[in-house]
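Okay, so here's the structure we're looking at.
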Amino acid sequence: MRQIPWRVAGQEVVVNVAEGEEDILAFREFVTTAGPLAFDTETTGLDIYASDCRVRLAQFGTGRTAWVLPVESGPQWADLAAWALRTAERLYCHNATFDLLVADAHLRVPLEVTYLKTVDVRIMAHLTDPRSAHEGGTGHSLEALTRAHLDAEVADQVKGAMRELARELKTTKGEIFRIVPLDHPRYLLYAGMDVLLTSRLFEHMLYSVPHASRRLVVFEHQVAYVCAIMERKGFLVDIPYTLQLADRLERQAKQHADTAAALGVDNVNSTDQVAQALTRRGAALTETTATGKPKVDKAILDRLVADGDELAIAVQRAKRASKWKTTYADTFLELADPGHRIHCGINSLAARTARMSITRPALQTLPSGEHMIRSCYLAEEGEVIISVDYQAIELRVLAALAGERKMIEAIRAGKDLHGLTASLVFGPDYSDTQRKAAKILGFGKVYGGGPATLARQTGLSVADARRVVAAYDEGYPAIARYTKQLQADLPRQGFAVVTGNGRRLPVDRAKPYAALNFMIQSTARDMLAAGLLEIHKQGLLDYLRLPVHDEVIASAPAEDAKEVAHALADAMAGQINGVPLATEAEIGGRSWGSLYT
DNA sequence: CAGGTTAGCACC
DNA sequence: AAACGGTGCTAACCTG
């Protein structure tokens with residue numbers, strides 16, 4: 001056994017590195033006597049389901065002692081790690097989903113065994129302060145939490161460790177975890193430190209979660225578990241279709257790029273080049289970016305396209321085709337596992353409002369205007385895609401939180417909410433254009449926008465927009481009162497809002513108007529999360545593929561689709577303050593895209 | 001030249 | 001009086 005002594009927060013700690021058979025007994029003794037154990041793994045990469053992914057190290061530890069098992073050097077170590085995972089009564093992880101999926105896929109210890117006895121310090125950290133470092137919080141990485149709560153010097157060591165190793169071994173940060181020698185002392189120290197710090201952070205975070213948020217600890221672990229099951233299942237990809245799509249998009253991109261080149265733009269992705277060429281053609285680019293350069297975004301190109309500018313048309317088409325190829329088609333092909341499944345990363349507790357995020361690939365942001373990209377995803381063989389979403393959830397949550405009588409009555413009566421707004425603002429004989437403006441106004445209110453934003457989005461004059469907003473506040477007095485009250489109460493909460501579910505959300509001092517949106521967005525997110533738990537409780541989890549903010553995507557046998565869709569919709573439906581949050585199910589064909597034709 | 005930043009664009 | 005919220009990913013560009 002190799003021992004690496006270190007210091008954390010003024011205390012001596014030790015990293016034990018198992019090397020030979022003679023260490024097995026000592027490790028077993030440690031696991032059976034140490035109590036709750038922090039757990040972490042080091043792998044060759046982040047893509048757990050890639051055919052070349054291997055576990056290199058498995059670490060277990062307390063706040064004083066870490067054990068590092070060299071899993072890559074022989075199957076006995078994987079078996080020993082698996083034994084420890086099954087034996088430990090309680091586990092602590094930082095970002096449990098990753099390591100527990102690693103154990104599930106590579107150590108033969110299923111999520112069902114590990115997840116429900118695990119505490120994730122990242123979840124505790126998010127409940128303590130949901131903000132990223134960029135937003136004025138501590139952030140939730142192990143390094144950031146160590147810096148904030150344990151030992152800044154150790155945080156620096158952890159942060160710099162793998163980067164230095166990469167430099168030393170003349171490789172990149174992305175490659176270092178794959179190629180660093182298994183016995184490199186600083187790799188082993190880094191690996192051992194992870195569990196020492198995780199264990200210590202647990203002790204700290206136990207007391208840092210706000211009182212009002214305590215009940216969310218169990219809730220969020222259950223939600224994370226359900227999302228981890230979805231990650232493990234994966235979403236089937238239509239490989240032949242996606243290959244063909246990538247090919248088609250490439251040809252389109254090339255064709256339009258050639259047209260742009262003939263008109264003087266070598267690289268359509270260079271905003272600078274496009275701006276210069278458009279200016280030469282006589283376009284007036286008046287708007288600028290944050291750094292003062294001429295702005296050429298979609299809205300600006302759209303206007304030039306409407307005027308029939310050939311360059312603008314070519315640039316826009318080329319950019320779209322190339323972005324769609326690389327961001328979607330190519331990525332799907334690269335991420336699909338040998339069984340043609342994509343296991344995206346679902347961060348069940350991501351945004352500062354607790355909204356979920358989905359990465360590798362970002363399946364929440366696939367184009368919804370048409371079916372082309374979503375058609376890459378398939379229900380299982382013999383099954384069809386089901387989508388269940390909440391109807392106008394943000395407006396309903398707003399009505400419920402504010403207690404806005406007129407809106408609540410309209411919801412109960414199943415009336416058109418944007419029509420109601422239009423009649424309040426423009427009068428009973430509102431036009432179609434006015435209904436559209438009312439819809440934009442409704443969303444603007446949810447986001448905390450004002451007259452200037454409304455004017456920009458509708459084409460109304462600022463003066464008219466101001467009148468419209470005033471009419472909204474008059475027509476929905478409870479919403480106006482609620483918005484005002486939320487902002488007035490901010491100082492009492494330490495400049496934060498606390499949702500009905502007990503989630504404390506700090507608000508930026510420069511943006512008090514965001515308080516309303518945080519309440520709405522976070523409350524709506526918790527409805528979806530509660531819906532996922534109810535779906536699990538009803539035994540329907542196996543059907544689920546994805547959560548998408550106010551919607552779930554599922555796959556079910558064609559002959560059962562109606563029944564499953566209704567069961568999912570029923571499980572998700574709920575209420576807030578007596579206001580019903582209704583759901584609506586849609587049944588498609590084999591591909592996700594079939595819902596978008 | 002690796003890695004961070006900016007601009008743009010996809011979604012709810 | 002007014003204030004649009006939350007994400008992830010890519011290519012180009014900048015920097016140490």
Side-chain angles (χ1 to χ4, degrees), chain A residues 130-132 134-135 163 166-167 170-176 266-275 287-302 315-316 319-320 322-328 330-331 335 344-345 347 350-370 373-374 389-390 392-394 398 440-457 462 465-466 469-470 483 487 497 505 507-522 524-525 528 546-551 596:
Chain A
R131 296 171 299 176
S132 69
H134 188 69
E135 293 160 339
R163 184 186 306 182
R167 203 176 315 157
K170 301 201 187 312
T171 183
T172 61
K173 243 171 81 178
E175 286 287 282
I176 186 66
D266 287 342
N267 184 351
V268 293
N269 288 316
S270 167
T271 306
D272 291 350
Q273 277 187 36
V274 174
E287 290 182 69
T288 57
T289 67
T291 54
K293 290 195 283 191
K295 187 173 185 175
V296 189
D297 64 8
K298 193 171 176 302
I300 290 164
L301 282 172
D302 276 343
V315 165
Q316 205 167 51
K319 277 173 73 164
R320 192 175 109 142
S322 70
K323 172 158 187 182
W324 285 21
K325 176 180 188 287
T326 52
T327 307
Y328 305 123
D330 288 351
T331 309
L335 291 174
C344 60
N347 183 348
R352 67 186 296 182
T353 56
R355 260 200 182 182
M356 301 181 188
S357 79
I358 298 191
T359 56
R360 298 182 321 111
L363 292 181
Q364 290 174 325
T365 62
L366 306 188
S368 59
E370 42 104 333
I373 301 297
R374 289 183 199 238
D389 68 356
Y390 289 94
I393 189 165
E394 295 199 322
L398 170 60
I440 293 169
L441 172 63
F443 282 115
K445 277 285 170 184
V446 166
Y447 293 150
T453 317
L454 184 66
R456 201 177 330 123
Q457 290 187 336
V462 176
R466 203 173 284 139
V469 169
T483 306
Q487 296 192 32
V497 290
L505 306 172
V507 173
D508 301 341
R509 284 175 192 277
K511 294 181 174 181
Y513 57 85
L516 179 73
N517 177 260
F518 288 5
M519 286 295 285
I520 297 169
Q521 194 180 108
S522 191
R525 177 276 184 191
L528 179 81
L546 286 178
V548 189
H549 300 309
D550 67 343
E551 175 187 21
Y596 291 80

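Reminder, nothing fancy here: chain letters follow the sequence lines and each chain counts from 1. Quantities reported herein were computed from a predicted structural model and do not represent experimental measurements.
If you measure from atom CZ of Arg525(A) to atom C1' of dC11(B), you get 18 Å, rounded to the nearest angstrom. Distance Gln316(A) CD to dC9(B) C1': 11 Å, rounded to the nearest Å. Between the C1' atom of dC1(B) and the NZ atom of Lys173(A) lies a distance of 15 Å, rounded to the nearest Å. Atom CG in Asn517(A) sits roughly 13 Å away from atom P in dC4(C) (whole-Å rounding). A straight line from CG of Asp550(A) to P of dG6(C) spans 18 Å, rounded to a whole angstrom. Spacing between atom CD of Gln364(A) and atom C1' of dC9(B) amounts to 16 Å, rounded to whole angstrom units. If you measure from atom CG of Leu528(A) to atom C1' of dG6(C), you get 15 Å, rounded to the nearest angstrom. Atom pair Lys323(A):NZ and dA11(C):C1' shows a separation of 10 Å (rounding to whole Å applied).
Nucleic acid contact class of Val296(A) (heavy atoms, under 4.0 Å, all strands): sugar-phosphate only. At a threshold of 4.0 angstrom between heavy atoms, the contacts of Gly369(A) are confined to the sugar-phosphate backbone, with no base atom among them. Note on Leu366(A): only backbone sugar-phosphate atoms sit closer than 4.0 angstrom, heavy atoms only; bases stay farther off. Among the heavy atoms of the strands lying under 4.0 Å from Thr291(A) are primed sugar atoms or P, OP1, OP2 only; no base atom is included. Gly450(A) comes within 4.0 angstrom of the backbone, heavy atoms only, and of no base. Residue contacts for Lys445(A): at a heavy-atom cut-off of 4.0 Å it reaches no nucleic acid atom on any strand shown. Looking at heavy-atom distances under 4.0 Å, Arg466(A) makes contact with sugar-phosphate atoms alone, never a base. Looking at heavy-atom distances under 4.0 Å, Pro512(A) makes contact with a base. Looking at heavy-atom distances under 4.0 Å, Leu516(A) makes no contact with the nucleic acid at all.
In terms of position along DNA chain C, the nucleotide closest to Gly448(A) lies nearer the 5' end than the nucleotide closest to the other residue of the pair Gly448(A) and Thr331(A). Map Lys293(A) and Phe518(A) each onto its nearest nucleotide of DNA chain C; the residue landing nearer the 5' end is Phe518(A).
Scanning atom types as modelled, no donor and acceptor separated by under 3.5 angstrom connect the side chain of Lys298(A) and the base of dC9(B). Interface remark: the Glu394(A) side chain does not form any donor-acceptor pair with the dC12(B) base, using a distance-only criterion of under 3.5 Å. Side-chain atoms of Arg320(A) stay outside donor-acceptor range of the base of dC9(B), with no qualifying N/O pair under 3.5 Å.
Residue Arg352(A) has a polar side-chain atom (N or O) positioned under 4.0 Å from OP1 or OP2 of dG6(C). Contact between the side-chain N/O atoms of Ser270(A) and the OP1/OP2 oxygens of dC13(C) is found at a separation under 4.0 Å. Proximity of Asn269(A) to the phosphate of dG8(B): no side-chain N or O atom is located under 4.0 Å from OP1 or OP2. Close to dG8(C), at under 4.0 Å from its OP1 or OP2, lies no side-chain N or O of Thr359(A). An OP1 or OP2 oxygen of dG8(C) is reached within less than 4.0 angstrom by a side-chain nitrogen or oxygen of Ser357(A). OP1 and OP2 of dA10(B) both lie 4.0 Å or more from every side-chain N or O belonging to Tyr328(A). Distances shorter than 4.0 Å separate some side-chain N or O of Thr289(A) from OP1 or OP2 on dA7(B).
Of the candidate nucleotides dA12(C), dT7(C), dT10(C), dT7(C) has the atom lying nearest to any side-chain atom of Thr365(A). With dG6(C), dA7(B), dG5(C) as the candidates, the nucleotide lying closest to the side chain of Ala290(A) is dA7(B). Checked against dG8(B), dT7(C), dA10(B), the side chain of Ala351(A) finds its nearest nucleotide in dT7(C). Picking from dC13(C), dG8(B), dA3(C) the nucleotide with the shortest atom distance to the side chain of Ala452(A) gives dA3(C). Listed candidates were dC9(C), dT7(C), dC13(C). Nearest to the side chain of Glu135(A) is dT7(C).
The minimum heavy-atom distance between Trp324(A) and Pro367(A), with the atom names listed, is CZ2-CG, 3.5 Å. Looking at every heavy atom in both residues, Glu370(A) comes nearest to Arg320(A) through OE2-NH2, 3.6 Å. The heavy-atom pair separating Tyr596(A) from Arg374(A) by the smallest distance is OH-NH1, 3.0 Å.
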Task: Candidate pair Lys511(A) and Val507(A), rule side chain to side chain contact (heavy atoms under 4.5 Å, CB included), full reasoning - done: CA-CA 7 Å; Lys511(A) 294 181 174 181; Val507(A) 173; 5.5 Å; no
Open item on the list: For a side chain to side chain contact (heavy atoms under 4.5 Å, CB included) check, start with the C-alpha distance between His549(A) and Met356(A), then their side-chain angles and the critical distance, and finish with the verdict.
Closed with: CA-CA 7 Å; His549(A) 300 309; Met356(A) 301 181 188; 5.7 Å; no
- [ ] Please step through side chain to side chain donor-acceptor pair (under 3.5 Å) for the pair Asp302(A) and Gln316(A), ending with a clear verdict.
- [x] CA-CA 8 Å; Asp302(A) 276 343; Gln316(A) 205 167 51; 3.0 Å; yes
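In this structure, the side chains of Asn517(A) and Val446(A) come closer than 4.5 Å at one or more pairs of heavy atoms. Contact of the Gln364(A) side chain with the Leu546(A) side chain is not registered, since no non-hydrogen atoms from C-beta on lie closer than 4.5 Å.
With centres under 5.5 Å and a plane angle under 30°, the ring of Tyr447(A) is stacked against the base of dG5(C).
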